[in-house]
Amino acid sequence: MRDELRFIVLDGVEGCGKSTQIERLAAALREAGEDPVVTHEPGGTPVGEAIRSVLLSPEYPQMTVLTEILLFCASRAQHVQQVIIPALDEGSRVLCDRFSAATFAYQGYAGGGGAEMVEQLDARATGGLAPDLTIILDLPAEEGLRRKFGEQWREASALGDRIEQNDAEYHRLVREGFLAYADRCSERTAVIDADREPDEVFAELAGLLEL
Ligand SMILES: Nc1ncnc2c1ncn2[C@@H]1O[C@H](COP(=O)(O)OP(=O)(O)O)[C@@H](O)[C@H]1O
Ligand SMILES: [Mg+2]
């Protein structure tokens, strides 16, 4: 793999294949003799997992978008300090399922918090640490919901976590938000068409990373 890519993020709408592809990527790196740190947001630390449960619990439908941004950023601040920076300092490669792009797409774009507020708070949370590459797995939002919830996907509003429970229009905007992020941060972002078989998606990912 391209050696300069130390901190790699996979992101995209619900069900786009982040978990599937990150596992395959980690397996390929292990076969090549590496020991990557595989982590995720929100969460990735004990404090972060506690924040995650507040963020995703359907018990809090009243949560405002500013509260969401602050909680995602709180989880990220802890994750960066406790896990990501130490791993990079030790020379490990870090593979992370969701990061700043998700806050931009969900809270900034679909949730209406705005790019500037997300970018300011995110910059404080990361202390300026940016992924070397963010890979957006691009998929129509309803296809991702269908993958996760099957033919009952229209009822994701009753079946999913608090964020999945948002309406179809919100999820459509999340996809647009990821594409807007890719335009805004084009030098460190790549978009892959995830509306294909897992093998085809992985082949493109592997080519991009020169695995
Ligand atoms: N390329 C694909 N085509 C069809 N189904 C997929 C594909 N990638 C993943 N899946 C399936 O879709 C569901 C969601 O995938 P997952 O990797 O968990 O997505 P995410 O982590 O982005 O939410 C899982 O059941 C998974 O097996
Ligand atoms: Mg997942």
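First listed ligand is number 1; within each ligand, the first listed atom is number 1. Sequential numbering from 1 along the given sequence is applied to the chain's residues. Remember, predicted model here, so these are calculated numbers, not experimental data.
- Residue-to-ligand polar distances keep Glu14 apart from ligand 1: every N/O pair is separated by 3.5 Å or more.
- A salt bridge does not link Asp167 with Arg154: every distance from a Lys NZ or Arg NE/NH1/NH2 to an Asp or Glu carboxylate oxygen is 4.0 Å or more.
- The Mg ion (ligand 2) has an N, O or S atom of Ser19 under 2.8 Å away, backbone or side chain.
- Proximity annotation for atom 7 (C) of ligand 1: of Glu200, Gln21, Arg147, Arg147 comes nearest, heavy atoms only.
- For Val201, no nitrogen or oxygen atom sits less than 3.5 Å from a nitrogen or oxygen atom of ligand 1, counting backbone and side chain alike.
- Residue Lys148 has at least one heavy-atom neighbour below 4.0 Å for each of these atoms of ligand 1: 23 (O).
- The protein non-hydrogen atom at the shortest distance from atom 18 (O) of ligand 1 is Ser19 CB, 3.9 Å.
- Residue Glu197 approaches ligand 1 through these ligand atoms, each under 4.0 Å from one of its heavy atoms: 1 (N).
- Nearest heavy-atom pair across Ile51 and Leu71 is CG2-O, 3.4 Å.
- Looking at Leu139, Asp193, Thr20 and measuring to atom 16 (P) of ligand 1, the nearest heavy atom belongs to Thr20.
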Check the pair Phe7, Phe99 against ring-ring contact (aromatic ring centres under 6.0 Å, His included), reporting the backbone distance first and the verdict last.
CA-CA 11 Å; Phe7 177 22; Phe99 201 66; 5.1 Å; yes

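- In this model, a donor atom of one side chain and an acceptor atom of the other lie less than 3.5 Å apart for Ser100 and Asp122.
- Using modelled atom types and a 3.5 Å distance limit, the side chains of Glu41 and His79 yield a donor-acceptor pair.
- Counting only N and O atoms by type, the side chains of Arg6 and Ser92 include no donor and acceptor under 3.5 Å apart.
- Shown in contact with Arg196 at under 4.0 Å from a heavy atom are these atoms of ligand 1, numbered in order with element: 1 (N), 2 (C), 3 (N).
- Relative to atom 23 (O) of ligand 1, the option among Cys16, Gly144, Gly15 with the closest non-hydrogen atom is Gly15.
- Of the listed residues (Glu143, Glu164, Glu142), just one forms a salt bridge (Lys or Arg N to Asp or Glu O under 4.0 Å) with Lys148, and that residue is Glu164.
- Scanning the protein heavy atoms around atom 19 (O) of ligand 1, the nearest turns out to be Gly17 N, 3.2 Å.
- The two residues Gly177 and Ala105 make their nearest non-hydrogen contact at C-CB, 3.8 Å.
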